[in-house]
Colleague: 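Below you will find the structure I want to go over with you.
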2 protein chains.
Amino acid sequence: MNPVRRGQWQTASDVLTQLTRQPGITRAAVARTLRLSTGSATEVTARLRDVHLVTEVPAPSQGRGRPTTLLRAHPQGPVVLALDLRQSSWRSAIVTLDGSLQDPEYRRHRSRRPQVVLNNLRRHVEQARQQYGDRLRMVSLAVPGTIRDNHLMQAPTLEWAELDLETVTEGTGLPLLAGNDATLSGVAEARTGAAAGAGTALHLIIEVGIGGTLLIDGVPAQGASGAGGEYGHMPFGDRSRACPCGARGCWDLEIDGRALARHLKQGRPDDPYAYTEEVLRRTDRNARAAVTKVVSALGLGIAGLVNAHDPDVVTIGGLAIPLRAAAQRTFKEAYEGGLMTFHRGSPPPVLPATLPDGPLRGAAALALDQLTTEPAIAAWVAQR
Amino acid sequence: MNPVRRGQWQTASDVLTQLTRQPGITRAAVARTLRLSTGSATEVTARLRDVHLVTEVPAPSQGRGRPTTLLRAHPQGPVVLALDLRQSSWRSAIVTLDGSLQDPEYRRHRSRRPQVVLNNLRRHVEQARQQYGDRLRMVSLAVPGTIRDNHLMQAPTLEWAELDLETVTEGTGLPLLAGNDATLSGVAEARTGAAAGAGTALHLIIEVGIGGTLLIDGVPAQGASGAGGEYGHMPFGDRSRACPCGARGCWDLEIDGRALARHLKQGRPDDPYAYTEEVLRRTDRNARAAVTKVVSALGLGIAGLVNAHDPDVVTIGGLAIPLRAAAQRTFKEAYEGGLMTFHRGSPPPVLPATLPDGPLRGAAALALDQLTTEPAIAAWVAQR
DNA sequence: CAGTTTATGCTCGTGGGACGAGTTTAATGG
DNA sequence: CCATTAAACTCGTCCCACGAGCATAAACTG
């Protein structure tokens, strides 16, 4: 916690940030984008090598001139454990400074009880701690629910009550970074996916209900306590309908399997996700009409959010992709009809998300953001 | 455009940023908050003095110890011209690096024709240019309408069509920063007003329709082209109603004088702002009922936005203040009823905005942000 | 009122990092 | 094999942040 000498690792931090954002970037390319003189590039890479933060491997030569090198994470460098908790399974990977995922693991839950699942995760953290020692700097966890200061507030798909997630790292002294899965998949899309390069991006994903996030320069607007992005609980819907969240008229209730079931005059489905897929496979008129209504609500809501946030691009994930595909014209009409006139000339494109392991990659990205700050580098150097 | 030497004016930039954010701050306080050693503080202030960026005046002593000095903008230092265009008048002020407003001007429009008004503004810019010469670095303009890349897209209160605002600085070579008035008043509130210190703040202001902005660490989420914050055009309302913006069911139509008139079965009022004030003065049952409906729509919408953004605090301005005051219980019920359950324990406070000249101050603040960046300081120094 | 206490400002030596000019290196191409 | 090209390395220089020690200007104290 000593005050870091101002500017001490400034350029080093910039270089590492480049590395995490563009894995496999060459040393010469880094120097160009950061406008570093060749002397500075030599010096900063040497320093980063000395403290085990990067290594260099020869890059395939590209035409004339002395070949440059690829920057890679150092084999003894810091790592992050990224975890992605899902309804019936969890994933993990070790992430290095060049953004590559190693030791990927995939496990199905044997029991879905919170304590059992969290204990499994904790054991996994401890194991990584054993294996990587002080190289392991942080644990980043994606959860399908509302997160507030590392507490899970509500998780409709998991059906868990409020829960402190820090038990996952308890005893290890490792910092935990818990985040909503939709938010984190948005981070991944904004950094390396369909919204790469966008200054302002809006990401929305339908599974049960709708989640998402607003991203500004790749940074999610997480709000005061990390619960930002609950777009499903804006009152775009029918005010007479109560939402399990406690409010009324939530958008959530208009765009997923529960809405389809209602339109088809059926009870609440046990698994709204699977139910939606089922309805999407049907070709009868009733099913089509129900899908049309849902897609219309989706398009209108997105338009409202575009009016409010003026994003460069919107990315959609989960069931939103097949839903839109099933009623493209309806979507286009609802979306463009809901936009303010001046947006209609060139409305922000609504692109399908491209990264299947978005939450894991997003969790990794936010953790790497921490690791590449000046103070974190200084701490790493001081410890060695 | 030359690459600035990395770290060259880093600390100087930090000091100036402190100064703009806390006008009247002392040199010792700056050193403490930035964790500068006294040696560095001496050095950096000396340098800033040398290049005519700050001066020091003796501070009133506060107890024991050698008295410190107040940092002030240098009398030969850079300035910004802040302009606030309103429906029937405009204001201006010259803003210095310590955030103080000088030479305030207030003029009523003689004609409200766009070309006449813009010409007046341009003459004012030219005059300031004459008076301040190279000291004048930038013009910042607040406008009551939707802004996109320094173009005015729509302005319901002014009743102007699309318009290029850069004519205001044309010929002077001065950079222009045009922004929505509601956005800019939000900036002012988040920096020095009711939302000071909030990490995430939501600002909403009702005049005709509702405008606002989401602020993260005092920076407004302005979107891809600067049109962010049009919360009035989210579909919180009755989808059967068309909005002049081109969409349907806009919140805008539920919370201002137009809504009151509709509830009172009257035609669209010529001046919805004045009409609202009129209805607020009435004490009859019909008027009260109309106000109640509007306040309810306001509270519900704010709740939805709180669900989505999880702000630390919400600030409301314009007619939202007397409207809420006229039906406090209704507001509270609608607001809290619209929140997700977990927010209800300690819902974000909804505070009245405190700065009457918010747009002007916000415009000033954003311009000063530019002026206190390292490249801008380097450019200033290079020019002298 | 003189000495003490306290917070702050100033001086100066030290060290690190960024830069740029000049040089070297490792590839391609004729 | 030599010219060309892009990149890396070397080294002197400059600038800035820092900290230790000293100086200064107020309030407190007896």
Side-chain angles (χ1 to χ4, degrees), chain A residues 1-16 18 25-51 53-72 374-375 377-378 381-382, chain B residues 1-16 18 25-51 53-72 374-375 377-378 381-382:
Chain A
M1 261 302 135
N2 283 335
V4 177
R5 191 192 172 90
R6 220 159 287 271
Q8 180 96 33
W9 292 95
Q10 176 69 57
T11 307
S13 162
D14 291 347
V15 169
L16 289 184
Q18 278 288 318
I25 194 171
T26 66
R27 170 178 168 162
V30 170
R32 266 196 306 274
T33 46
L34 297 181
R35 299 194 185 186
L36 282 175
S37 66
T38 66
S40 303
T42 299
E43 199 190 351
V44 73
T45 45
R47 232 173 333 131
L48 287 171
R49 241 189 341 254
D50 286 348
V51 297
L53 283 169
V54 304
T55 52
E56 293 174 88
V57 299
S61 79
Q62 299 163 327
R64 280 190 175 183
R66 179 171 177 171
T68 181
T69 59
L70 293 172
L71 295 181
R72 284 282 157 76
E374 266 191 276
I377 298 174
V381 173
Chain B
M1 259 300 144
N2 283 334
V4 177
R5 190 190 175 89
R6 219 159 285 271
Q8 179 95 33
W9 292 95
Q10 176 69 58
T11 307
S13 161
D14 291 347
V15 169
L16 290 184
Q18 278 289 317
I25 194 170
T26 66
R27 170 177 169 161
V30 169
R32 266 195 307 274
T33 47
L34 297 181
R35 298 194 187 188
L36 282 175
S37 67
T38 67
S40 303
T42 299
E43 199 190 351
V44 75
T45 45
R47 230 171 336 129
L48 287 171
R49 241 189 341 253
D50 287 348
V51 297
L53 283 168
V54 303
T55 51
E56 292 174 89
V57 298
S61 80
Q62 300 165 327
R64 281 188 175 183
R66 178 172 178 171
T68 182
T69 58
L70 292 173
L71 294 181
R72 284 281 158 76
E374 267 191 274
I377 298 174
V381 173

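Just so we're on the same page: letters track the sequence lines, and every chain starts at 1. As the structure is a computational prediction, the values presented were derived from the model and not from experiment.
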Colleague: To the nearest Å, how far apart are Trp9(A) CH2 and dA17(D) P?
Modeller: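 Interatomic distance, CH2 of Trp9(A) to P of dA17(D): 18 Å.
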
Colleague: Does Ala28(B) offer a backbone N or O that forms a donor-acceptor pair with the side chain of Thr68(B) under 3.5 Å?
Modeller: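 Such a contact is found between Thr68(B) side chain and Ala28(B) backbone.
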
Colleague: Taking only residues two or more places apart in sequence or in another chain, which ones pass side-chain hydrogen bond (donor to acceptor under 3.5 Å, both in side chains) with Arg49(A)?
Modeller: Glu56(A)

Colleague: With the threshold set at under 4.0 Å for non-hydrogen atoms, list the residues of residues 60-68 of chain A touching DNA chain D in residue-number order.
Modeller: Arg64(A), Gly65(A), Arg66(A), Thr68(A)

Colleague: For Arg6(B) and dG17(C), is the shortest distance between a side-chain N/O and OP1 or OP2 below 4.0 Å?
Modeller: no

Colleague: Does Thr11(A) have any side-chain hydrogen bond (donor to acceptor under 3.5 Å, both in side chains) partners at least two apart in sequence or in another chain, and if so, which?
Modeller: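 In terms of side-chain hydrogen bond (donor to acceptor under 3.5 Å, both in side chains), with neighbours along the sequence ignored, Thr11(A) is linked to no residue.
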
Colleague: Return the value, rounded to whole Å, for the distance between atom CG of Asp14(A) and atom P of dG17(C).
Modeller: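 The distance from CG of Asp14(A) to P of dG17(C) comes to 14 Å, rounded to the nearest Å.
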
Colleague: Where do N or O atoms of nucleotides 10-14 of chain D meet protein N or O atoms at under 3.5 Å, pair by pair?
Modeller:
from, atom 1, to, atom 2, distance (Å)
dC14(D), O2, Arg5(B), NH2, 3.4

Colleague: Not counting sequence neighbours, which residues clear side-chain hydrogen bond (donor to acceptor under 3.5 Å, both in side chains) with Ser37(A)? List them please.
Modeller: Ser40(A)

Colleague: Expressed in angstrom and rounded to an integer, what is the separation of Leu36(B) atom CG from dT8(C) atom P?
Modeller: 14 Å

Colleague: Using whole Å, report how far CG of Leu70(A) lies from P of dA8(D).
Modeller: 11 Å

Colleague: Atom CD1 of Ile377(A) and atom P of dG17(C): how far apart are they, to the nearest Å?
Modeller: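 Spelled out: CD1 on Ile377(A) to P on dG17(C) is 12 Å.
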
Colleague: Sort out for me which residue in Ile25(B), Leu71(B), Thr33(B) forms a side-chain contact (heavy atoms from CB on, under 4.5 Å) with Val15(B).
Modeller: Leu71(B)

Colleague: Which residues pass the side-chain hydrogen bond (donor to acceptor under 3.5 Å, both in side chains) test with Thr42(A), sequence neighbours left out?
Modeller: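 Once residues adjacent in sequence are excluded, the partners of Thr42(A) under the side-chain hydrogen bond (donor to acceptor under 3.5 Å, both in side chains) criterion are Arg27(A).
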
Colleague: Does a nitrogen or oxygen in the side chain of Gln8(B) sit under 4.0 Å from OP1 or OP2 of dC16(D)?
Modeller: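 Yes, Gln8(B) has a side-chain N/O under 4.0 Å of OP1/OP2 on dC16(D).
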
Colleague: Roughly how many Å is it from CD in Glu374(B) to C1' in dA18(C), rounded to a whole number?
Modeller: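 From Glu374(B) CD to dA18(C) C1': 12 Å.
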
Colleague: Does Thr45(A) or Ala12(B) map to a spot on DNA chain D nearer the 5' end, using the closest nucleotide for each?
Modeller: Thr45(A)

Colleague: Report the residue (Arg47(A) or Ala29(B)) whose heavy-atom-nearest nucleotide on DNA chain C is the more 5′ of the two.
Modeller: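 Looking at the nearest nucleotide for each, Ala29(B) comes out on the 5' side.
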
Colleague: Tell me whether the OP1 or OP2 atom of dC9(D) has a side-chain N or O from Arg27(A) closer than 4.0 Å.
Modeller: yes

